[in-house]
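Report on the structure given below.
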There are 2 protein chains.
Amino acid sequence: MAALSDSIENFIKQLLGEDTRIEIKRNELAQYFGCANSQINYVLATRFSVDRGYLVESRRGGSGYVRLIRLSTPSADLYESLMERIGDAVDEETAFALISRLRELKLVTAREERLMRSCVCAGAAALPLGCKDALRACVLKSAITQVFKELQEEN
Amino acid sequence: MAALSDSIENFIKQLLGEDTRIEIKRNELAQYFGCANSQINYVLATRFSVDRGYLVESRRGGSGYVRLIRLSTPSADLYESLMERIGDAVDEETAFALISRLRELKLVTAREERLMRSCVCAGAAALPLGCKDALRACVLKSAITQVFKELQEEN
DNA sequence: CCTGTTTGACTATTTTTGACTATTATATCA
DNA sequence: TGATATAATAGTCAAAAATAGTCAAACAGG
């Protein structure tokens, strides 16, 4: 056992501690563990995926970083269920309903709700019928993901 | 762990404060940050572009300077100019710059800014290369339109 | 022999630097 | 005074450095 991946996973969780977010340097971490850099990507992909309750952001280039955000369990569950509901395609009515739900839960302001609506239907309008729902799904998922990221930041 | 560029950007914004213009000496600033002079040009180009709502003027030679002016356009014109700038297609970098400008003008909150960003790049991600920019344009226009609608309603 | 791990070569992105160029005010000289 | 040199600025552009991502092949434990 004691797969390298497990050590790295634990190490990262140690770093996280009680915090809901941290930033790491992929290369430093790889060097620390004396492994390939891409090993870190593997760990992120397999142990810190969305369905495990984590979000990962990164930036390349000088002073680049990898940022990990842990969703608290209640949000993680809600987030999961929203993502599942949306899937690969979602019609406008459903999309709006889901957005309303976020509003009811006070996860977004009224203004943000309207902003989300306008984004979600705009993209679709531009497309041929077949893709509309797929596109809406992408935009909506992204918006919701953003909302959840914010949620963690507040604490 | 902010990149040098980020520090310089912040430093300049601090200097600006509530004012709409300041003058700096490129070389002094570079020296202050212990970096190449051209680093300053990089920051100006990437963080203080017209799309982000800034004008940069300068003069070389003895007693030369770099002058930064923060634009604060009246809303009516602004809406038009944004729509025109976006046109039928817009790349991600420009889209982000424009959104950032809305933020500078305090037309959107930081949270709304991030929400808009996420919507604008999400839709595009799903599409074949050719359409990305066109789609981004639709979503961005819609979001901006929404922001301006809100603005009107407020009065 | 599978399946999940690990590695490495290659790619992509962003920042930082440096050498060289351009412009302008001021000092100097004829 | 007018012309010219000098010093003090700023600009450009491409290379180098500093990150991170991808993907497929090799590997290892059950």
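A note on names: the letters A, B, ... follow the listed sequences, proteins ahead of strands, and every chain is numbered from 1. All values below come from the heavy atoms of this structure, side chains included, with hydrogens, waters and symmetry mates left out.
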Practice task
Report yes if a side-chain nitrogen or oxygen of S5(B) is closer than 4.0 Å to either non-bridging phosphate oxygen (OP1 or OP2) of dT16(C); otherwise report no.
Solution key: yes
Are there any protein N/O atoms within less than 3.5 Å of an N/O atom in nucleotides 16-18 of chain D, and if so, which ones and at what distance?
none

Practice task
Estimate the overall bend of the helix from dC1(C)-dG30(D) to dA30(C)-dT1(D) from the end axes over five pairs each, rounded to 10 degrees.
Solution key: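 What I find for the helix from dC1(C)-dG30(D) to dA30(C)-dT1(D) is an axis angle of 20°.
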Round to a whole Å and report the spacing from [atom1] of [X] to [atom2] of [N].
X      : N       : atom1 : atom2 : answer
R67(B) : dT24(C) : CZ    : C1'   : 15 Å
R59(B) : dT26(C) : CZ    : C1'   : 13 Å
E57(A) : dT13(C) : CD    : P     : 18 Å
L68(B) : dA10(D) : CG    : C1'   : 14 Å
L4(B)  : dT17(C) : CG    : P     : 6 Å

Handout entry: R47(A) atom CZ: more than 12 heavy-atom contacts under 6.0 Å
Key =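 Yes, CZ of R47(A) has more than 12 neighbouring heavy atoms, counting only those of other groups under 6.0 Å.
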Mind checking the [atom1]-[atom2] spacing from [X] to [Y]? Nearest 0.5 Å is all I need.
X       : Y       : atom1 : atom2 : result
L115(A) : I99(A)  : CG    : CD1   : 10.0 Å
R111(B) : R103(B) : CZ    : CZ    : 12.5 Å
D77(A)  : L71(A)  : CG    : CG    : 10.0 Å

List, one per line, each side-chain donor-acceptor pair under 3.5 Å for residues 55-63 of chain B, sequence neighbours excluded.
unit_1, atom_1, unit_2, atom_2, d
E57(B), OE1, R67(B), NH1, 2.8

Problem - ring pair (Phe, Tyr, Trp, His ring centres under 6.0 Å) against Y65(B), all qualifying residues, sequence neighbours excluded - result: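 Ring pair (Phe, Tyr, Trp, His ring centres under 6.0 Å) check on Y65(B) returns nothing, list empty.
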Exercise for the section: For R136(A) and V90(A), indicate whether the former's side chain and the latter's backbone hold a donor-acceptor pair under 3.5 Å. Expected result: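 Confirmed, R136(A) side chain pairs with V90(A) backbone.
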Practice task
Could you identify which residues of residues 26-51 of chain B place a heavy atom less than 4.0 Å from some atom of DNA chain D, listed by residue number, or say none?
Solution key: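 Per residue number, the list reads R26(B), N27(B), S38(B), N41(B).
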Exercise for the section: Establish whether V66(B) and I69(B) are linked, either directly or via other cluster members, by ILVMFWY side-chain heavy-atom contacts under 4.5 Å. Expected result: no
Handout entry: R70(A): side chain to side chain contact (heavy atoms under 4.5 Å, CB included) partners, not counting sequence neighbours
Key =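 For R70(A) the side chain to side chain contact (heavy atoms under 4.5 Å, CB included) partners, ignoring immediate neighbours, are L16(A), Y54(A).
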Practice task
Taking the side chain as every heavy atom from C-beta outward, state whether V147(A) and L151(A) have any atom pair closer than 4.5 Å.
Solution key: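 Not in contact.
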Handout entry: Row check, Y32(B) ring normal vs K25(B) NZ/CZ: under 6.0 Å, within 45°
Key =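 Relative to the ring axis of Y32(B), which defines the angle, K25(B) lies outside at least one limit.
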